[in-house]
There are 2 protein chains.
Amino acid sequence: MKKKICTLKELALKLNLSISTVSRALNNHPDISNETKLKVVNLANKLNYTPNLFAQGFRKNKTNMIGVILPNVTHYFSATILKGILKQAEVKGYRVFITESNNNVKKQSEMLHTMMQFGVDGILMSISKKTKNIKDILDLLDKIPIVLFDKVSYKIPCTQIVVNEEEASFKAIEHLIHTGKKRIAIIKEDEFSFSSERRFEGYLRALKENAIDIDKNLIISCEDLSLEQGRRMTKLLLGLKNKPDAIFAITDTAAIGVIKTLKKFNIKIPEDIAVIGFSNSLHSTIIEPKLTTVDQPGEKIGKTAIEYLVKEIESSEAYVSSKTIEIKTTLIVRDSSLKTTSFI
Amino acid sequence: MKKKICTLKELALKLNLSISTVSRALNNHPDISNETKLKVVNLANKLNYTPNLFAQGFRKNKTNMIGVILPNVTHYFSATILKGILKQAEVKGYRVFITESNNNVKKQSEMLHTMMQFGVDGILMSISKKTKNIKDILDLLDKIPIVLFDKVSYKIPCTQIVVNEEEASFKAIEHLIHTGKKRIAIIKEDEFSFSSERRFEGYLRALKENAIDIDKNLIISCEDLSLEQGRRMTKLLLGLKNKPDAIFAITDTAAIGVIKTLKKFNIKIPEDIAVIGFSNSLHSTIIEPKLTTVDQPGEKIGKTAIEYLVKEIESSEAYVSSKTIEIKTTLIVRDSSLKTTSFI
DNA sequence: CTGAAAGCGCTTACAG
DNA sequence: CTGAAAGCGCTTACAG
């Protein structure tokens, strides 16, 4: 079903004017007399005329639509980014199309394709984990502006919005060191991932700058950073002769697994073992003790992504920028790590 | 910037054929010879032709776009529904436009309007809390199919997808009764809300059918169902001469506030006071003890909503359905309530 | 100040 | 089997 909708033509007919005049009157064109404008606008209101943006877009070869591809909308952090995207897109006058890739590379390609077909003006994406083949993304880059956020890849020459992963991680580890911790374990991902690697770099740098030797037993890689893996890896760490006195899980979810397991074994948090997570998810204040973690400002990431994308869309030159924008994070110290005044 | 994109015209020119023939060839029209089809398809692939769906839609007066309006994408339950919507929309060949109303009624109206302008084929919405004036929704209903989900209103004559609120709540209370609880408190919303009211009805019916007197002191209304309010209301309940032996918070978030407060006062959960929430949010397994709650299948709600909407869109008659579809929930018994074998 | 005409990219009834 | 033409709703350069 589709009921009839008022068009310029209908207005023109009823007013005995040409379509052009009606169009101009509604767009407040200086050529049109006030009298005519008034007549047109009145009738338009009366008949509840709404311009068909689809036709407008088609005419102007500009749709004011932006496509967004992300792995999973139900992840709180993604949803938070999405919120920023929606808010800023509205400000800038763009409509947002969402699709989920569910970390499926094939689907990701299809969505990219569909977005193109649908004539979006630009694409915002967080690339799927297993994206090996970036050829189709590269091809598209020539045709349409793309901005990457969160899950990015330096191999794709376009603007990328990320969090200051390395520094955030560095600061988290320094915080632990300042509270007297010396045997700091890290739980990271085994497969290569942009953020996991950079967080690991921060870990290494913090130890190095504080003259703490690296103990390979304290570096744990696992295939995903789920709560379950957090649990398993904690048991592994507790089995060590020389136990850690702090655990940095590069994900809140894993960190919560860590806390739950430590509690089960009656280990005091943070006195015996401190715990730090990453991302300041809602869970981090539900768990007891409350989790010390790194806050990633999702809305700001989304907002920034839209801003850069719109800038590229509206730029007249066909340039491809490839800046990397780092959004600042904040370490939020809660009960799962010791307080310290010596922390600079 | 916008790089050139291959069109039918370009293909026609290069092949020395008419645009019509090229169009038909690509649409696999029976009239066209295989030879021609082959030539066309080959060139199309070579030049990476993708039909402009925007133009197609415009031509056919069908955009295959669906607009979705929801209060807040960052709510896990909403995100879950969104996931279902995205998945099923893809199956049905529709693209999804998202907007957030943030419970702002004025914004909600604007979005409805924009969606119309953008020529969406149908609208899926969860109405904002304070929606008093439904006139604009009613007006729209004549022009375009609308399906409501989650936050609905019986005053709007259209298809509505909800959860079996009353029954779910009834079963939750019965579960408590079967475990021997007799003084069951409920924390609900003070302002009228569709779901709050229906959950309250379920509470009343369960008490009545089990011949338990209603104690007004145990019926607590608050303005929002936040963790903080959960805390405050718990303190209030604990101040009663005749304390409750179970608390049903009609929201997980509030229920978690309840649990945290009970723990603070060293009250044993579930022995002294049992706690039940509603919605099976991710938090419900993070909190300790794990929360007994009602699982609402968000994906299924989203999926169902799309199905009904598409049915209306694709129906030839201009009918307005106003069925209410109830999606079944499941009570998930965890550690915040007693186990029982006598539960039928 | 107003109108006729072309065109955005596509589909489709009508001819041939 | 193929093509010319109209039209979806709009905007805008060109005339007058």
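Here the structure is a predicted model, which is why all the values come from computation and not from measurement. Quick note on labels: first sequence line is chain A, next is B, and so on, each numbered from 1. Computation of the quantities below employed the complete heavy-atom set of this structure, encompassing side-chain atoms and omitting hydrogens, waters and symmetry-equivalent molecules.
In this structure, the side-chain contact (heavy atoms from CB on, under 4.5 Å) partners of A:N103, at least two apart in sequence or on a different chain, are A:P71, A:S128, A:K129, A:K130. B:I19 meets the side-chain contact (heavy atoms from CB on, under 4.5 Å) test with B:L8, B:K9, B:A12; sequence neighbours excluded. Every residue was checked against the ring pair (Phe, Tyr, Trp, His ring centres under 6.0 Å) condition with B:F192, not counting sequence neighbours, and none meets it. The side chain to side chain donor-acceptor pair (under 3.5 Å) check on B:K155 picks up nothing, with sequence neighbours excluded. Partners of B:Q296 under the side chain to side chain donor-acceptor pair (under 3.5 Å) rule, at least two apart in sequence or in another chain, do not exist in this structure. By the side-chain contact (heavy atoms from CB on, under 4.5 Å) test, B:K83 pairs with A:N72, A:V73, A:T74, A:E100, A:N102, B:E299, sequence neighbours left out. For A:T21, the side-chain contact (heavy atoms from CB on, under 4.5 Å) partners two or more places apart in sequence, or in a different chain, are A:L17, A:S18, A:I32, A:T36.
A cation-pi contact links A:K311 to A:Y308, judged by a cut-off of 6.0 Å to the six-membered ring centre and 45° from its axis.
A donor and an acceptor atom sit less than 3.5 Å apart, one in the side chain of A:S20 and one in the base of C:dA4.
In this model, the phosphate group of D:dT2 is not approached by any side-chain N or O of B:T21 to a distance below 4.0 Å at OP1 or OP2.
Taken residue by residue, residues 29-40 of chain B places heavy atoms nearer than 4.0 Å to DNA chain D at B:D31, B:I32, B:S33, B:T36.
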All N/O contacts under 3.5 Å from nucleotides 8-10 of chain C to the protein, with atom names and distances to one decimal?
residue, atom, partner, partner atom, Å
C:dC10, OP1, B:Y49, OH, 2.7
C:dC10, OP1, B:N52, N, 3.0
C:dC10, OP2, B:L8, N, 2.6

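Annotation: salt bridge (Lys or Arg N to Asp or Glu O under 4.0 Å) contacts involving residues 12-39 of chain A, sequence neighbours excluded, comprise A:E10-A:K14.
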Query raised in the report: How does DNA chain D look in dot-bracket form if you count Watson-Crick and G-U pairs under 3.5 Å, write [ ] for pairs that cross, and put | where a base pairs with another strand?
Result: |||.||||||||.|||

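In this structure, CG of B:N28 is placed 13 Å from P of D:dT2, rounded to the nearest angstrom. Counting to the nearest Å, the P atom of D:dT2 and the CZ atom of B:R24 are 10 Å from each other.
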Atom pairs and distances, donor-acceptor, side-chain atoms in residues 43-54 of chain A, under 3.5 Å, two or more places apart:
residue, atom, partner, partner atom, Å
A:N45, ND2, A:V41, O, 3.4
A:N52, OD1, A:F54, N, 2.8
A:N52, OD1, A:A55, N, 3.0

